[in-house]
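One structure below.
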Amino acid sequence: MSSPTSTPGRKRARTDNPSTPSNDAATSPPSQRRRGQDSSTGELPPMPTSPATDMLSPAVPQDTSLFSSPRHSVLPSEVDMSSPLMYGTPSSRVEGTPRSGVRGTPARQRPDLGSVRKAPQVDLHSDLPNDDGAAVSDGQNAGQRLVIWGTDVNVGTCKEKFQRFLQRFIDPNSTEDENAGLDLNEPLYMQKLEEISVVGDPVLNVNCGHVQSFDAELYRQLICYPQEVIPTFDMAVNELFFERFPDSILEHQIQVRPYNALKTRNMRSLNPEDIDQLITISGMVIRTSQLIPEMQEAFFQCQVCAYNTRVEVDRGRIAEPAVCRNCNTTHSLALIHNRSVFSDKQMIKVQESPEDMPAGQTPHTTVVYAHNDLVDKVQPGDRVNITGIYRAVPMRVNPRQSNVKSVYKTHIDAIHFRKTDEKRLHRLDEEAEQKLFTEDRVQTLKELAAKPDVYERLSSALAPSIYEHEDIKKGILLQLFGGTRKDFSQTGRGNFRAEINILLCGDPGTSKSQLLQYVFNLVPRGQYTSGKGSSAVGLTAYVMKDPETRQLVLQTGALVLSDNGICCIDEFDKMSDNTRSVLHEVMEQQTLSIAKAGIICQLNARTSILAAANPVESQWNPKKTTIENIQLPHTLLSRFDLIFLMLDPQDEAYDRRLAHHLVSLYYQSEEQLEEEFLDMTVLKDYIAYARTYINPRLNEEASQALIEAYVDMRKIGSGRGMVSAYPRQLESLIRLAEAHAKVRFSDKVETIDVEEAKRLHREALKQSATDPRTGFVDISILTTGMSATARKRKEEVAQALKKLIQAKGKTPAMKYQQLFDDLRGQSETAITKELFEEALRALADEDYLTVTGKTVRLLA
Amino acid sequence: YFYLLTLAYNPLHCLSSFYISASSQNNPESGWEAKAVLFFKEQLKDKEAHTSVPSLNDVPLHYLKPNSLVRFRCLIQDMFDPEFYMGAYETVDPSTKARVLRCGKYKDVTECGVDLNSRNTVTAERQTFYCVPIPGENPWVKEISFSQARVVPSTSYVPSRQKRSYEEDDDMDTQPQKQREPHTGMSCFHTEPHGNGDCKRQETEAPSSQTTSASHLDLNFPLPGEKGPSCLVKVYEDWDSFKLNDTLEVYGILSVSPALSALAEEKDASSSLLDPAECMETAEEQRVHSPPASLVPRLHMIYAKPLPHCNPLLPSAALEDNKKQSNEFLSSTLSEMASVRTELLAYLTHVLLGDALAAEYLILHLISSVYARRDVLPLGKFTLNVSGCPTVASYTERLYQIIQQLVPCSYRLSMSLQNMNQLRLVPKKDYVANRLVSGALQLARNTSLFLDETQLEQGQLDTTGVRNITALGNLISWQKVDYDFNYHQMEFPCNINVLIASEGRSLLPSDCQVHLQPQVAPPQMEEYLSAIHMHPQASSQLNKFRLYLSLARTLDYSISDEVTKAVEDDFVDMRKDDPQSISAEDFHRLLVVARLLSLSLGQTSLSRDSWMRAKHIETLRRSRTEQQQQCVNGNEP
């Protein structure tokens, strides 16, 4: 048992040898400095995870392997229990009510900061003698220059600085939603303290960014020596708080939780230099463990005289008092398990978020320990920003050998969690995205936006390997940007859809799938499914039994997963009707309602849909309407803002350009490839930036232009007795105009945006809603599935048929085939069988006749 | 040369001498590692040296001396988290109190008496890769590389064979000589019953012992039924440059210290209870991340050579390092290529029941490779669907055996309903054990994947089945596999040659479909087929084919402006005559066919002749497909 001596030995060495050059220690890299201290954990026998039965029996004295030997009984008594230095230890607990003020409120241990004893051991107020464990720098002006051993932190100054920060820090430009409802021109954190006094939740979250802008030196200390600085902050905050609100009663003393340490954002960039520093990383929770009770304070009772004593756990180890202080019996103290103090601990595994990863590598994972009230704060699947202290502990091969496996186990002691996707509830985009853009980047993006041809540039950067189809690319570009989100829930209308839906239809082999794949790869939250391979549940959500917990859980499908993104659906026409019907709700209300297996809920699915469909007859039939060609229900079609036809234009110049394009595709130099790759990242950033920051609104002129456009559209048809526009088309126009304004980084929707929206919309209509019989654009093809002329024709046939039947006089039943032939003979235009059947159906609807098998019966 | 052998034998000594010389100059950061790595690279440059290093692929693990230099031809199957280790540490001699600064690099376990509180401890970072032998590597590759390596090192491991048994125990040879001595007697005793000196027998025994112990420890090979050691490779530098599924030849220091295995530790229950650091991981995770070193040895990488292909016949090193030599090599083989091609064509025609067109396409398929990607579009892939395969006499199986003889890596996936519903094709992350559980589609580049659709019968695909089919479809169309990370999917680009053998048109997409027209009458089929395999190909002939296929794939290719123009004109003309005759997609295919055809003839740029020839065979193929379709349609009503 050589190991237990090391801790007190080191401590003594510290007291005996105050000449330890603290300057030296402070300048040495923290990772190395602290290595020595922390690594001792590996050498010490840690506390038992569960009490062995014999520990409670008098046989304990013989059992020296688990607890330290008698000569260490001095250990916990070096500091007087009643001294103010005992701040932060449970021994200072004052029981009884009412409790208020610093002294009255129990402090709570902070296992997240590691050893709690550390602070009192080395903590020095300038007015105290410096003989108990702190190193003095020069000794001349000891009062001022005292620092915590191994650091350059002076408790007094640090406290003072932090109090000043709390009292003075103002951030008028704050946009964080935590600060909602606070007066931005008053000291921010004082308001938060006030909130604490009202709400009674004794946690103060401090944004490290604020500390940095207020006092860079303090920030540096916080990052480098969190273990020492945060307790100091705690102290400062509590003094300040109870000075201000002396009567407030808190559960325990206020704890400071810094977050947003700008040190690290990516798990991959953690390196040995970050050990024992305050870091912030982002990632996704993949596993959480059961709650682990960790002993914080052991309770011992003397078996002889029933004298109680408490011993704190120091670095995972309990120093068992060997001699009872009351009756001086040796080895008489037994651990009373259920009177000891435990804290909650949870192991959380965090994985790099997929966006942060370089291609072709697997994600890294890190172990995070959450303590006390941070336990169960996060669930697997959550995306979180974690602020904590990075730790490394050496591993051992065999406790009986002194060989050490030369590897450290690393983990993070979490201090603060911040869920990044939680914010979606607040309708704000992720904060992580904001950080993505450096000033330089924003500058480049803005420069790009200022160019007059930015719209064309971007659309040509989209899927460069796909040839031509300019308008389609423009449409998809606008889809990527999306409209402005509007909330009318107060007036009862709910949300207006801001997402633009696009349908591409056309001949097979016109690179529709490729376009879809490209878009899917471009957007961060994209999903790609194929109509053939997906079922309704695969698109929406399904309930399944979790194999581990045996609980019913909701598994979300592609549409929910692409919330705020784009859902690409290939082979839309191959989708079963059942599946397609799910889309109705998603495409207009942007929600998904689920009622199955006792789970009834409504999920958000604010997704744009980019679908591709092949014509039914494998080749597009130009003599038929869109509906007839793709056989999709018009209720669904009318929900698409833009429907494009991708047809193979058959002319020579086009062919030549296409050939050139394809050949160059197969033989192109490396640099050109590189150039394009750059384009894609720029495009990605451009879209992300515009989606985050630009929220254009209609200006007066634009509204007028929109109204005119709408009226015009309606007028076109009215001349021929057709309706060529519905309010849905107006909404589409607005969305397109807004998206175009976003492309220009403009906060206002102006006339040019409306012009382009009109043009694109007309273009799409021209392609998809042209009545092949008349050559006119007829929106009712899309809204009712039938052009107005066709409807008129149907009515005429029905009337002619009725006349024919009436002319036949009173025959109750007729042969189907004969009637058809008669009608054909009578009519001057060709009557197809379909038309005839439709006419019959129309008459049946009028209750004029019924059709049973091959006979037609008149109803009297 | 003798120097080299000792180097291979005791590389750590050599490394530490580098370290000592650096630290004696009082400058431990002086880049001694770079120097050392360079030194090793230099030493290994010439061919002799490279083969004198024993390979983990060939030599059973128990023959290899711990801490010796070995090489390993492998695929990166998984990447673990980076770990921090003691890059440098100080030891204290308990009796003399003398402090010695030591280097912790390239080692797993520190030496005795580490002073954990020393100020001089340097923490460093390294990365661990889980590497498996290249999946689907065909027996001939193993044989050839084995025979190449065998030449020299037989001497190098004979002594160790006498000294060591494969039930090697715990000595960490810090002082190899001294510690070895007492063991020698013991080991001899151990080896005796196995028949001393007869290495053949020991070899056959070794895998069996491995498989028995492997049964409770899944070594995570992508393909079922694979054998061979897997390795935990510790990478010290530049680990970002490696990607998942890269194929490498790793040169490193073998570490098999039994202290590393977690299983050994589990027996010692009290110890794991005592150490809180050990409790961080679940038992499964420990089992995976620290498997017994006797099964999964650790390899401390000194340097790694990326393998563009794993054909031992094609000298990969020579191609890169020595321009002149490689040029000579290239020109000599290029001139031969056309003649080899004729022979190969004749051979394949024979195999494909006398169908020369199908044989032509098969050659094109075998040399295809994704050479670039334009946004999402992989260029150069050429998935071939050979339809109309006879179902008698397990023809597809025989066809696969032939292909197996020709390409370095291949795998036959029988698309039976059961297989489709049960096999795990897509790798999936197992968060409990924190590893990537491999699937059959985790393959090295240019592996031939033979999908046997003739095995498919009627029945219902379940969810896994549908997912597997989708994964295959994605693989063929986009040359990518979406690995399943439970909460999200991650896309890994791949480069796999997919060949589909089917009766009718395949249900999977393909770039090109050739309908087989057997010249053999059905009654004689059986006889003919059994004759295919009887015909013994001279191994030199086979080697020529193998070399040809690998080489054709690596050639560069270009199209001159003049030919570009002609090709464009051709396209426009064809469209003018009949717009339906050629679509953009057809043109895409035609360009690929022309490219592959030129390369197969050893021409590195497109000539008019090749273009015409490509057009010709495409026309032949299309007319055949149309015929077939008409035939089917005619029969249907």
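Side chains included, hydrogens not; waters and symmetry mates left out as well; all remaining heavy atoms used.
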Non-hydrogen atoms of chain A under 4.5 Å away: do they reach the side chain of B/E83, the backbone, both or neither? side chain
Euclidean distance, B/E125 CD relative to A/D274 CG, rounded to 0.5 Å: 9.0 Å
Does the side chain of B/Q127 come within less than 4.5 Å of A/H364's, by heavy atoms? yes
To the nearest 0.5 Å, atom CG of A/N271 lies from atom OG1 of B/T123 at 10.5 Å
Portion of B/D246 that has a non-hydrogen atom of chain A nearer than 4.5 angstrom: neither
Identify which part of B/M490 has an atom lying under 4.5 Å from any heavy atom of chain A, answering side chain, backbone, both or neither. side chain
Might you work through the side-chain contact (heavy atoms from CB on, under 4.5 Å) test for A/Q517 and B/K480, ending with a clear yes or no? CA-CA 12 Å; A/Q517 276 283 337; B/K480 61 163 192 179; 3.4 Å; yes
Less than 4.5 Å to any heavy atom of chain A: does that hold for the side chain of B/F84, its backbone, both, or neither? both
Chain A interface, residue from B/L244, B/V572, B/N245, B/D570 that has the most non-hydrogen pairs under 4.5 Å: B/V572
Using the test side chain to side chain donor-acceptor pair (under 3.5 Å), find all partners of B/R445 that sit at least two apart in sequence or belong to another chain. none
Please flag which part of B/F485 lies under 4.5 Å from any non-hydrogen atom of chain A: side chain, backbone, both or neither. side chain
Tell me, do B/D78 and A/T362 make a side-chain contact under 4.5 Å, heavy atoms counted? yes
State the NZ-CG distance between A/K349 and B/D81, to the nearest 0.5 angstrom. 7.0 Å
Taking side-chain contact (heavy atoms from CB on, under 4.5 Å) as the definition, give me every residue that meets it alongside B/D573, ordered by chain and number, with sequence neighbours left out. B/K576
Indicate the atoms forming the closest heavy-atom contact of B/F492 with A/Q361, along with that distance. CZ-O, 3.6 Å
Between B/D482, B/D240, B/V567, which has the largest tally of heavy atom pairs under 4.5 Å with chain A? B/D240
